[in-house]
Protein chains: 2
Amino acid sequence: MARNPNMREAILGAAETLFSSHGYSAVSIRDIARAAGANPGSVTYHFKSKDELLLAIYRRHCGPMNDRRAELLAAAMRIRDLGNRLEAIVRAYVVPAFTSSSDLAGGGARFTRLRAMMSAEGNAAVGRIIAEIFDQTNQSFIEAIEQSLPHLSRSTIVWRCQFLLGALYYSLISPERITRLSRGEANGGDVAQAIEQIVVATVASLQAPEIGDASGPRVARRGVKASSEKVPA
Amino acid sequence: MARNPNMREAILGAAETLFSSHGYSAVSIRDIARAAGANPGSVTYHFKSKDELLLAIYRRHCGPMNDRRAELLAAAMRIRDLGNRLEAIVRAYVVPAFTSSSDLAGGGARFTRLRAMMSAEGNAAVGRIIAEIFDQTNQSFIEAIEQSLPHLSRSTIVWRCQFLLGALYYSLISPERITRLSRGEANGGDVAQAIEQIVVATVASLQAPEIGDASGPRVARRGVKASSEKVPA
DNA sequence: ATATCTTTTGTACAACTGTACAAATTCATT
DNA sequence: AATGAATTTGTACAGTTGTACAAAAGATAT
């Protein structure tokens with residue numbers, strides 16, 4: 001029966017939805033098949049294994065999303081005013097993680113949520129892809145930020161970019177927490193507001209002075225004392 | 001055989017370690033028993049079920065950790081200078097999440113990492129505990145911040161506290177990412193540095209002006225336009 | 001030592017897991 | 001209509017899952 005010409009896509013979509021809301025090991029191939037209206041055997045036909053299915057999801061999204069980020073970053077770097085440029089850089093990183101350009105392959109909150117789940121579970125197959133594909137994108141953003149904030153050490157920039165990604169992930173993982181704690185005043189599922197809040201908060205944290213630097217935000221003092229000797233875990 | 005008088009504790013500890021590094025559904029009761037040097041049946045004897053075992057871990061840590069937070073928060077509120085007070089408030093929230101007072105029950109990075117995993121997996125049993133126990137603590141911190149930054153709307157404070165928690169979680173979930181992206185310049189596993197970086201970044205983001213507010217950070221303009229109509233997922 | 005209670009062990013069960021594969025079905029080309 | 005490739009189905013397998021429970025082993029008190 002070669003009936004559904006988009007069975008492969010249906011399985012991919014179902015897997016994406018289920019993985020992103022329950023995690024990898026909590027979702028079985030049979031769950032995916034059921035959600036996609038397919039036979040379990042069909043899943044192992046189109047994708048050799050469960051791991052391969054997960055990787056196929058990543059391959060579909062990573063390229064378009066990081067391409068879009070590169071475009072927006074290039075546009076941001078053409079901005080003269082350093083403050084506006086910094087905000088544009090952060091926005092270039094955040095926006096493609098929340099919204100998809102072409103409906104399926106763009107990027108989108110669902111895929112970003114999936115990435116959050118996978119990095120929590122520490123999935124081994126995904127670990128390789130992340131280091132390969134994402135580190136390149138991340139490095140170019142870090143360098144762009146370094147140019148806009150030359151007084152900051154690379155360590156501090158990396159830490160603050162890590163916080164950005166954590167904020168981004170967690171806003172997608174527990175949006176209902178926003179709604180609950182604000183007593184309904186804010187809506188955690190509001191993507192547009194999430195983007196604005198993340199951008200404003202991140203730009204402010206990036207503009208903070210270096211740790212141990214008592215002078216103003218824009219005054220340089222490069223070599224900061226490395227208070228980094230304790231090494232647990 | 002009532003040989004090991006601390007078998008219950010050994011199982012709790014093993015479960016904590018395994019859950020915090022692989023997630024809930026990826027770890028089996030047999031895995032836990034093996035790591036604790038116990039018989040699988042012994043696990044279901046001390047804790048009725050796998051869910052109950054997870055809840056026991058939460059019960060052991062939540063109380064001491066939030067008590068410590070309350071102490072530090074009370075001390076912070078005695079600080080007169082509003083800038084220093086804000087930093088002390090943030091520190092009162094962050095420090096107990098990273099370090100344990102009494103070795104086992106205090107809190108500690110391992111338990112916080114576990115919480116990060118569970119909130120990603122969306123574990124139902126944990127969901128109830130979180131809403132009950134943590135919301136109370138969170139509300140008191142939000143109110144303390146509201147007092148120190150009266151020009152900010154509650155929504156914005158909640159958003160930025162959400163980012164704080166996301167940053168905290170993710171710094172424990174992917175510390176090796178820090179080391180890798182900084183090319184060894186920073187050590188993501190350095191708890192002391194993580195705390196300092198999180199505190200500085202969070203204080204700066206909290207002090208940022210409200211969205212849509214063009215005036216300086218400390219100038220009030222309460223009612224901000226709610227750009228919150230899009231409601232997906 | 002006897003009896004009672006607590007803890008540990010071992011085994012069993014039904015349900016579910018990822019994967020493999022032959023048979024059946026559909027489609028495109030001739 | 002017939003051939004051949006592509007897809008879907010159904011079933012099977014060995015291994016794992018959470019849980020239940022009787023039997024054994026230890027501890028405690030009398």
Side-chain angles (χ1 to χ4, degrees), chain A residues 1-58 60 114 117-118 121-128, chain B residues 1-58 60 114 117-118 121-128:
Chain A
M1 298 175 189
R3 229 183 348 219
N4 186 346
N6 299 332
M7 185 52 92
R8 208 190 120 96
E9 287 297 314
I11 294 172
L12 264 178
E16 202 177 298
T17 303
L18 288 174
F19 284 156
S20 77
S21 47
H22 302 106
Y24 181 74
S25 42
V27 173
S28 73
I29 290 186
R30 285 166 179 84
D31 290 335
I32 297 167
R34 200 176 311 123
N39 188 285
S42 214
V43 177
T44 53
Y45 168 75
H46 286 287
F47 314 90
K48 206 183 90 125
S49 69
K50 198 185 175 189
D51 273 333
E52 279 298 322
L53 170 55
L54 179 61
L55 293 183
I57 296 174
Y58 269 74
R60 179 165 73 152
L114 174 65
M117 306 281 308
M118 295 306 112
E121 274 192 348
N123 186 284
V126 157
R128 269 162 273 145
Chain B
M1 301 174 190
R3 234 190 335 229
N4 186 349
N6 299 331
M7 185 53 92
R8 207 190 121 97
E9 287 297 315
I11 294 171
L12 263 179
E16 202 178 298
T17 302
L18 288 174
F19 284 157
S20 78
S21 47
H22 303 106
Y24 181 75
S25 43
V27 173
S28 73
I29 290 187
R30 286 165 179 85
D31 292 333
I32 296 168
R34 200 177 310 124
N39 190 287
S42 213
V43 177
T44 52
Y45 168 72
H46 287 285
F47 313 89
K48 206 182 87 124
S49 69
K50 197 185 174 188
D51 274 333
E52 279 298 323
L53 170 55
L54 179 62
L55 293 184
I57 296 174
Y58 269 74
R60 179 163 74 152
L114 174 65
M117 307 283 307
M118 294 308 111
E121 273 192 346
N123 185 286
V126 156
R128 269 163 273 145

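Any value given below was found using the heavy atoms of this structure, including those in side chains, with hydrogens, waters and symmetry copies removed. The sequence lines fix the lettering, A, B, ..., with proteins before strands; numbering per chain opens at 1.
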Using atom CG of B/N6 as one end and atom P of D/dA27 as the other, report the distance to the nearest whole Å. 14 Å
Dot-bracket for DNA chain C: what is it, with Watson-Crick or G-U pairs under 3.5 Å, [ ] where a pair crosses earlier ones, and | for a pair to another strand? ||||||||||||||||||||||||||||||
Let me know the distance between CG of B/L53 and C1' of D/dG18, rounded to the nearest Å. 12 Å
Could you tell me the separation between the CG atom of B/N6 and the CD1 atom of B/I11, rounded to the nearest 0.5 Å? 11.0 Å
Relative to B/Y24, does B/K50 satisfy both conditions: NZ or CZ under 6.0 angstrom from the six-membered ring centre, and within 45 degrees of the ring's axis? yes
Could you state the atom-to-atom distance from CZ of B/F47 to P of D/dA20 in whole Å? 16 Å
Between C/dT9 (C1') and B/Y45 (OH): distance, integer Å: 13 Å
In A/V27, A/I57, A/L114, the residue satisfying side-chain contact (heavy atoms from CB on, under 4.5 Å) with A/S20 is A/L114
Rounded to the Å, how far apart are A/R8 CZ and D/dA6 P? 15 Å
Starting at CD of A/E9 and ending at C1' of D/dT7, how long is that distance when rounded to a whole Å? 16 Å
Length of the line joining B/K48:NZ and D/dC21:P, which is rounded to integer Å: 11 Å
Can you pull every protein N or O that's under 3.5 Å from an N or O on nucleotides 11-17 of chain D?
| residue | atom | partner | partner atom | Å |
| --- | --- | --- | --- | --- |
| D/dT17 | OP1 | B/S28 | OG | 3.3 |

Expressed in angstrom and rounded to an integer, what is the separation of A/L54 atom CG from C/dG18 atom C1'? 15 Å
Under the 3.5 angstrom rule, does the side chain of B/N123 hit a backbone N or O of B/V126 as a donor-acceptor pair? yes
Partners of A/F47 by ring-ring contact (aromatic ring centres under 6.0 Å, His included), sequence neighbours excluded? none
Might you confirm whether atom NE2 of A/H46 has over 12 heavy atoms from other residues, nucleotides or ligands at distances under 6.0 Å? yes
